[in-house]
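Quick note: numbers below take in every heavy atom, side chains included, and nothing from hydrogens, waters or symmetry partners.
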Amino acid sequence: MKRLMILTALIPFAALAQPLNTMNNPNQQGYVIPSQQRMQTEMMSQQQQQKGMLNQQLRTQTQMQQQSLQNQMNANTQRVQQGQVREQPLPNKNGGMLGGMTSTGSGQQHMLPPQSNGRMLNPQN
């Protein structure tokens with residue numbers, strides 16, 4: 001009788017208990033194993049972190065390449081500007097090395113016979 005009274009006293013508390021989780025049924029369609037779901041969630045977060053890191057590395061690399069190209073362009077521009085300032089025609093008396101020298105006047109003989117323009121187009125030998 002004492003047990004029956006205890007049991008009747010606990011019945012209202014049994015109504016407040018949470019019902020069984022019907023979504024956690026392995027035989028039901030769409031059931032996901034909790035440990036597998038945790039692993040998938042963890043892997044997704046790792047992939048998102050790695051994607052963020054790769055995007056940051058790509059941005060950094062792109063900025064470095066752009067900076068390097070800009071530096072090269074600046075250096076080339078500076079070189080051209082300095083070259084234009086420095087390049088002044090030198091006095092060229094007697095045609096310099098290219099002109100004014102004859103085989104008899106310079107004391108040297110040419111290794112090849114003199115050729116006229118267009119000789120390869122109209123071979124006469």
Side-chain angles (χ1 to χ4, degrees):
M1 179 82 168
K2 198 176 196 181
R3 287 184 189 164
L4 187 58
M5 284 178 57
I6 294 174
L7 191 58
T8 55
L10 292 177
I11 287 177
F13 292 111
L16 296 175
Q18 290 185 348
L20 292 175
N21 188 356
T22 57
M23 300 300 291
N24 198 15
N25 184 356
N27 297 325
Q28 191 175 9
Q29 185 178 0
Y31 172 76
V32 179
I33 302 170
S35 60
Q36 187 177 16
Q37 189 173 17
R38 279 193 303 272
M39 188 172 12
Q40 286 176 344
T41 305
E42 187 177 329
M43 289 174 66
M44 288 290 286
S45 66
Q46 285 179 353
Q47 286 177 348
Q48 288 175 349
Q49 288 175 349
Q50 289 173 350
K51 183 179 178 182
M53 289 170 52
L54 287 172
N55 283 335
Q56 179 62 37
Q57 289 174 351
L58 181 63
R59 281 192 294 271
T60 304
Q61 186 178 13
T62 303
Q63 288 174 352
M64 289 173 59
Q65 287 176 341
Q66 288 176 345
Q67 184 66 37
S68 174
L69 288 174
Q70 186 65 43
N71 290 343
Q72 288 178 0
M73 286 174 47
N74 291 343
N76 289 341
T77 303
Q78 191 175 13
R79 249 187 256 128
V80 167
Q81 289 173 348
Q82 288 175 353
Q84 289 175 349
V85 170
R86 274 192 263 148
E87 285 183 20
Q88 295 177 356
L90 298 175
N92 190 0
K93 297 178 181 174
N94 297 329
M97 293 178 66
L98 297 177
M101 288 189 171
T102 60
S103 59
T104 57
S106 65
Q108 299 177 353
Q109 294 183 354
H110 290 287
M111 298 290 280
L112 296 174
Q115 298 181 3
S116 63
N117 290 338
R119 181 176 176 202
M120 292 186 71
L121 297 176
N122 301 319
Q124 296 177 358
N125 292 356

Please list, one pair per line, the donor and acceptor atoms closer than 3.5 Å that link side chains of residues 37-54 to other protein atoms, with sequence neighbours excluded.
residue : atom : partner : partner atom : Å
Thr41   : OG1  : Gln37   : O            : 2.8
Ser45   : OG   : Glu42   : O            : 2.7

Practice task
Enter the distance from Asn55:CG to Arg59:CZ here, rounded to the nearest 0.5 Å.
Solution key: 5.5 Å

Problem - By side-chain contact (heavy atoms from CB on, under 4.5 Å) - contacts of Thr77 (at least two apart) - result: Gln81

Fill in the blank from the handout: For Leu58, the other hydrophobic cluster members (4.5 Å side-chain criterion, sorted by chain and number) are none

Problem - Any side-chain heavy-atom pair of Gln78 and Asn74 under 4.5 Å - result: no

Practice task
Kindly write out the residues that satisfy side-chain contact (heavy atoms from CB on, under 4.5 Å) with Arg3, not counting sequence neighbours, or none if the list is empty.
Solution key: none

Practice task
For Gln61, enumerate each residue passing the side-chain contact (heavy atoms from CB on, under 4.5 Å) test, keeping only those at least two apart in sequence or located in another chain.
Solution key: Gln65

Handout entry: side-chain contact (heavy atoms from CB on, under 4.5 Å) partners of Ser68, counting only residues at least two apart
Key = Gln72

